[in-house]
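The structure follows.
Values below: all heavy atoms of this structure, side chains included; hydrogens, waters and symmetry mates excluded. All values reported here derive from a predicted model rather than from experimental measurement.
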Amino acid sequence: MQNDHVGLRLLTEDDAPQLVAWMNDPQVTQFLLRWRPITLVQELEWIRGLYQRDTDHVFGIVTPEDTLIGTMGLHGIRWIDSTATTGACIGNTRFWGKSFGSHAKMLLLNWAFNTLNLRQIESHVIGTNPRSKNYSLKCGYLHVATVPNKFIRNGAPFDEWILSVTRESWEPRWKHYQETGAFLPIDSGIPRSSG
């Protein structure tokens, strides 16, 4: 899957050393639910296991030059309910704040809604990461709940933001994105709903 800005591709065992470096970088993991260090052996086992599970689909995020800059995927897919949760990590900090995550999320949502036929996707964001919340809103998610003090980072409590997007509320944003390559403003008047 790709567009002019970014691509999503399957992860391979060759990606494991880079993923381990990101998963052991406190600058990166401060925004993730993972907090324990990881070994190369563990990461290789995780990559091998990805293709044996039908409830998790994780891709590498790559630039147009095919540089791996992060990962993005669907987790906990509930086929009976047609729902899932997204997770993402831009591990290469040089690419933070440059819309790569937003463009990758639109590709992932297109695949989730139009290929997998899912109907609702959630995202759970740590309050230390407003960039993640904002890019989700830009892609059509709606902030549906805040769980106070859910996480501890550097000894301080932070909220969890729960966001949700449905196929119906996302489709007008996808149409605009396909036609223009740009994102609609969050407050564009396009209806967004959580269910």
Without swapping roles, check the side chain of Thr29 against the backbone of Leu32 for a donor-acceptor pair under 3.5 Å.
no
When you compare the side chain of Ile162 with that of Val147, does any pair of heavy atoms fall below 4.5 Å?
yes
Do Thr55 and His75 make a side-chain contact, defined as non-hydrogen atoms from C-beta onward lying under 4.5 Å apart?
no
Work out which heavy atom in Phe158 is nearest to a heavy atom in Arg153; give both atom names and the distance.
CE1-O, 3.7 Å
If you apply the rule side chain to side chain donor-acceptor pair (under 3.5 Å), what do you find for Ser164 with Gln120, and how did you get there?
CA-CA 7 Å; Ser164 179; Gln120 185 172 340; 3.0 Å; yes
Please list every donor-acceptor pair under 3.5 Å in which a side-chain atom of residues 82-92 meets a protein atom from a residue at least two apart or in another chain.
| residue | atom | partner | partner atom | Å |
| --- | --- | --- | --- | --- |
| Thr86 | OG1 | Lys105 | NZ | 3.1 |
| Thr86 | OG1 | Glu122 | O | 3.3 |
| Thr86 | OG1 | Tyr141 | OH | 3.2 |
| Asn92 | OD1 | Arg94 | N | 3.1 |

Closest heavy-atom pair and its distance - Ile152, Pro157
CD1-CA, 3.7 Å
Please say which of Ile77, Leu108, Leu10 ends up in a side chain to side chain contact (heavy atoms under 4.5 Å, CB included) with His57.
Ile77
I would like to know whether Thr71 and Ile61 meet side-chain contact (heavy atoms from CB on, under 4.5 Å); could you show each step before the answer?
CA-CA 5 Å; Thr71 61; Ile61 303 171; 5.6 Å; no
Should we count CZ of Arg9 as having more than 12 external heavy atoms under 6.0 Å?
yes
Output yes when a side-chain donor or acceptor of Thr180 lies under 3.5 Å from a complementary backbone atom of His176, and no otherwise.
yes
Could you report the tightest heavy-atom contact between Leu109 and Cys139, atom names first, then the distance?
CD1-O, 4.1 Å
Pairs satisfying salt bridge (Lys or Arg N to Asp or Glu O under 4.0 Å), at least one member in residues 42-54, at least two apart:
Glu13-Arg48, Arg53-Asp56
I'd like to know if the side chain of Arg173 reaches the main chain of Ile186, judged simply by a donor and an acceptor atom lying under 3.5 Å from each other, with no hydrogens or angles considered.
yes
Pair Phe151-Asp159, side-chain contact (heavy atoms from CB on, under 4.5 Å): steps then yes or no
CA-CA 6 Å; Phe151 302 106; Asp159 296 346; over 6 Å; no
A side-chain contact here means heavy atoms from C-beta on lying under 4.5 Å apart; do Leu40 and Pro17 qualify?
yes
Consider only side-chain N and O atoms of Ser99 and Ser102, and report whether a donor and an acceptor are under 3.5 Å apart.
no
Quick one: does Leu19's side chain get under 4.5 Å of Ile47's, heavy atoms only?
yes
Is Gln42 reaching over with its side chain to a backbone N or O of Thr39, donor-acceptor style, under 3.5 angstrom?
yes
Could you check whether atom CG of Asn154 has more than 12 heavy atoms from other residues, nucleotides or ligands sitting under 6.0 Å from it?
no
Ignoring hydrogens and geometry beyond distance, is a side-chain donor-acceptor pair present between Gln178 and Trp174 at under 3.5 Å?
yes
Look at the aromatic rings of Trp111 and Phe59 and report parallel, tilted or perpendicular, splitting at 30° and 60°.
perpendicular
Quick one: are Leu137 and Leu142 in side-chain contact, heavy atoms under 4.5 Å?
no
What heavy-atom pair brings Gly101 and Tyr135 nearest, and what distance separates the two atoms?
O-CE1, 3.4 Å
Within 45 degrees of the ring normal and closer than 6.0 Å to the centroid, is that where the cationic atom of Arg131 sits relative to Phe31?
yes
Start with the C-alpha gap between Thr67 and Glu65, add the side-chain angles, then the distance that decides, and say whether side chain to side chain donor-acceptor pair (under 3.5 Å) holds.
CA-CA 6 Å; Thr67 301; Glu65 299 76 32; 5.2 Å; no
Does Asn134 reach the main-chain N or O of Pro130 with its side chain, forming a donor-acceptor pair under 3.5 Å?
yes
What is the distance from atom OG1 of Thr115 to atom CE of Met1, rounded to the nearest 0.5 Å?
8.0 Å
Check whether any side-chain N or O of Asp25 sits under 3.5 Å from a backbone N or O of Ala21 as a donor-acceptor pair, and report yes or no.
no
Would you please test Val6 and Thr63 for side-chain contact (heavy atoms from CB on, under 4.5 Å) and show each step?
CA-CA 5 Å; Val6 71; Thr63 66; over 6 Å; no
Under the criterion side-chain contact (heavy atoms from CB on, under 4.5 Å), I'd like the reasoning laid out for Trp161 against His143: C-alpha separation, chi angles, the key distance, then a yes or no.
CA-CA 7 Å; Trp161 296 317; His143 180 184; 3.7 Å; yes
Where His5 and Gly181 come nearest, the two heavy atoms and their spacing
NE2-O, 3.7 Å
Do Arg167 and Asn117 have side-chain atoms, one donor and one acceptor, less than 3.5 Å apart?
yes
Looking only at atom types and distance, does a side-chain atom of Asn129 sit under 3.5 Å from a main-chain N or O of Ile126, one as donor and one as acceptor?
no
Note: Val165 and Trp170 closest approach over all heavy atoms is CG2-CB, 3.7 Å
Hey, is the main chain of Gly49 close enough, under 3.5 Å, to the side chain of Gln52 for a donor-acceptor pair?
no
Do Leu107 and Tyr177 have side chains that approach each other closer than 4.5 Å (heavy atoms only, starting at C-beta)?
no
Rounded to the nearest 0.5 Å, how far does OG1 of Thr166 lie from CD1 of Ile121?
10.0 Å
Could you state the interatomic distance from CG (Leu8) to CE (Met106), rounded to the nearest 0.5 Å?
12.5 Å
